[in-house]
Amino acid sequence: MPIQLNIYNRLAFVLWGAALLAFIVAGAGVVLFQSFTLEQRIRQIMEPYAQLVSVGTDAAVSFEDPVRAQEILDTLRANPQIQEAAIYLDGGRLLASFSRAPNATPVSLPARPDGLYLDGDTAVLLQALPRGGRLRLSIGLDQLSRQTHQVMWIFGTGVLVLLLVTFAQLLVLRRTLVRPIANLTQATELVRASASYKHRVPASGTDEVAQLGKNFNAMMEAIQERENELRRLTLFQRTILDNVAYCIISTTPEGIVTSFNPAAERLLGYTAGEMVGKQTPERWHDPEEIANYARQLSLELGETVLPGFEVFAARPRRHLTEENEWTFICKDGRRIRVNLSVTALRDEEGRITGFVGLGYDLTERKRVEDALLFVAQRGWQFSGEDFFNALAQFLGEKLDMDYVLIDRIEENPDMAETVALYAKGALAPNMRYALKGTPCENVMGKRLCVYPHGVQQLFPEDTLLPGMGAESYIGIPLWDSTGKPIGLIAVMGTKPLPDDAPVTQLLQLVATRAAAELERKHAEAEIRKLNNELEQRVTDRTAQLEAANSELEAFSYSVSHDLRTPLRAIDGFSKILLDSYFDKLDEEGKRLIGVVRDNTSRMGQLIDDMLKFSRTGRVELALSQIDMENLARAAFEELQPSPGDNKAQLEIGPLPPARGDRAMMHQVFINLFSNAIKFSRGGGTPEIRVGATVNDGETIYFVRDNGVGFNMQYADKLFGVFQRLHSINEFEGTGIGLAIVKRIITRHGGRVWAEGKINEGATIYFALPNRENSHE
Amino acid sequence: MALLFVLFLPVLAGSQELIVDNPYKVKAAFLRNFAHYVTWPDKAFSGSSSPWCIGILGRDPFGKILEKTFGGRTEQGRTFEIVRAEMPDELPKCQIVFVAYKDAAKRRAVLAELKDKPVLTVGDAPGFLREGGMIRFQVGDRVYMSINLDQARASDLTIQTRMLEVSRDILENGEVHHMR
């Protein structure tokens, strides 16, 4: 049976054992030495004497001189050890003897060979002498045994000292070795039991034990630091694992779940307790998907991958990335699309110690993607009402909320008006409501309001909430570009909202766009209002102008008409005067009458023109298809017959037909041609060119002459009534021709303009619309 | 063991006798020992390995004892040879000569003859030293010897001190020192 000893007992055992062993060995050694060396020691004592005697008695023996022999023997008395001594001559005769015992009879020579004989407490040495004879020397062993006793005493004292030293050593060891080690042991025991690394052992000195203690303390320090670091790290990781939105699931290399974070619990509906150590990820995967992926992997990797956990591990094992979309089957049977990436966990040697899967719910991402897509695409497709309606419907459906309100707040900050209202799966008519006491009032003062549950209790003044059965409410304000709140989006549900993050995320995504749209819509309304106002004003003003115009025309017509009668009287009477009193008038009189008549004629022409001008503004247009080329040629021919005029030359390009009043168009050409002829430079042959170009929506005709031209500075004055650029003495005419042209063309819905340069001719353009409904 | 003691007991009892039964036995042993304690010059020997020559002048008092004492012994690598003669002329070159003459004049003549030779002269006669001998045996309760150191020195012989220590009388510089 092994004996369990502590260090102290072991040390004590060893020390005492060593002491005992030393004692035994030394004791045995002493005893053996004593016994083995006894004879030698005796010889050492006796032989010098024997030698002394043998040399000293050399001659005495040779010459049988007992006196001399006795003298020598007597010297031995000095040594108390020597008991007896005797010298025998050959034949056994005693030559001399000495004995310490009184009255001792000399012992006869024993018939024994030379040598040392031990006899009890006496030792006898027999030795032959060199010149014959023998010496017998006997010593008592008392002295020797006394020496032995002395040795034994010394030995005993030594043993005692050894014991004391051993004991002292034990004490020292207990203090310097055993106690520190016991402390250390106790400390390690404490550390092991309590896992607390705060304990320290006293460590002073420089020996190994103190060094051990110091090292232990340093180790504890390091471990504590590492422990703290580890705890911080673990806390950090635990916090991440617990709070991250991703499912994080780790498994053994074989696939048994080793951890299952709260996000995974929320997503799948299983608790960690149900999964850890019991299940593999196949539990929540679709076997068909796994089988499909196994086939795909087998093809990809060129090795058979069996359907099962290996489909997740096959790629990570080969240091390839593994990320795929999977269908997770929740505990309640729901199927969720999840993006799952799998990574192998490896130790320092690169051996796989497990796998960790990181999954996130794609529905969430899908929702965000949809919102972005909505904002990016449908936000542009729709605008105004359509946009808000689409947005309300989108939010209601995507967020699975019962009500969505997109509100506008305008002049009156206490009232809100919906621009879109989604209720219970469909769009509802817009409405106005008072903000006071509603959660929306709060939203208007903040950025984002989230009331996941009990919104009715929070806002008892709101009368709409109970009617809707609202329980949860999330609202976000809409700001215009200047930072002014202009509206809000509020979503409400009839159930408490467990997680508001997706809702707020989505609302934040669309809020900016909605605000922009709201602002845009507001601006649009402003513009429309302004436009309408402007149009109204223009219409009013036009009506006023038209009234004034027709009045003026009526006036000028009647004036012109009324002027003709007195004029005709002047003309008639001046003719009579000229005809009847021709002979009585001197030349000057005739000339003056002529001047009156010329001016009367001009006046008549003026009045005619005025009436014509006036008429062109009033008569109905008789629209028909006109061959403009023929019309122009006919008008030109009409102007030609007057003799003495310079024969003008006409060059007519192809003229597209026009729709208009033939008579009026004829008048246009007449006026333009007569102008061209009239303003031709003195003596020169007028060259007139007529042409046309078809533009987008209108045909532009032009009449170009080589006449005196005009300064473009006055181009706009050309078409005014009675506007003349030249004096009446230079060129005849009433100055109303171009005004009439302008009026006719304007009535046809066209426009007129002129281009020219002094002495380089002029070009008059008129454009007629191609449309048939060109009259006003 | 006890038996052994019992067996040796008579021997031990006999060997306690220090009294010399035959002094010539002792004297013979002395003669042999002189070869050890006395140093001769090299010229005293005929060769480097020639034996000791022990000469007996006069009537030999030792009998067979000498042969017994010297037989098979060697001293300083030399064996012993015993020569008996009546006259010194008959002796070869001897290192030790025992002068056994009863006649004092005869002893004197011989000693005078040997005076300058490296020969240790030994004798029993009471006036032997004064007659010119070097060592004289004297028998009392045991055998004693007296030494004429002057004569020995004159003959170029060196007598070791150890031998002098066990002598009874020593004649040195003409004076007799009584040692014991």
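Keep in mind that this is a model prediction, so the values were computed, not measured.
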Nearest 0.5 Å, please: how far is CD in A:E64 from CE in B:M145?
11.0 Å

Sub-4.5 Å heavy-atom contacts with chain A: which residues of residues 65-83 of chain B show up?
B:E75

CD/A:E208: more than 12 non-hydrogen atoms of other groups inside 6.0 Å
no

Give me the contact list for residues 43-60 of chain A versus chain B, heavy atoms only, anything under 4.5 Å, ordered by residue number.
A:D58, A:A59, A:A60

Per the side chain to side chain donor-acceptor pair (under 3.5 Å) rule, what does the pair list look like for residues 114-124 of chain B, sequence neighbours excluded?
B:Y24-B:D124, B:K27-B:D124

More than 12 heavy atoms of other residues, nucleotides or ligands under 6.0 Å from CZ of B:R84: is that the case?
yes

When rounded to the nearest 0.5 angstrom, what distance separates CD in B:E165 from CG in A:D65?
9.5 Å

How about A:F167: does its CZ atom have over 12 heavy atoms from other parts shown lying under 6.0 Å from it?
no

For residues 28-47 of chain B, give me every residue with a non-hydrogen atom less than 4.5 Å from any non-hydrogen atom of chain A.
B:F30, B:N33, B:F34, B:H36, B:Y37

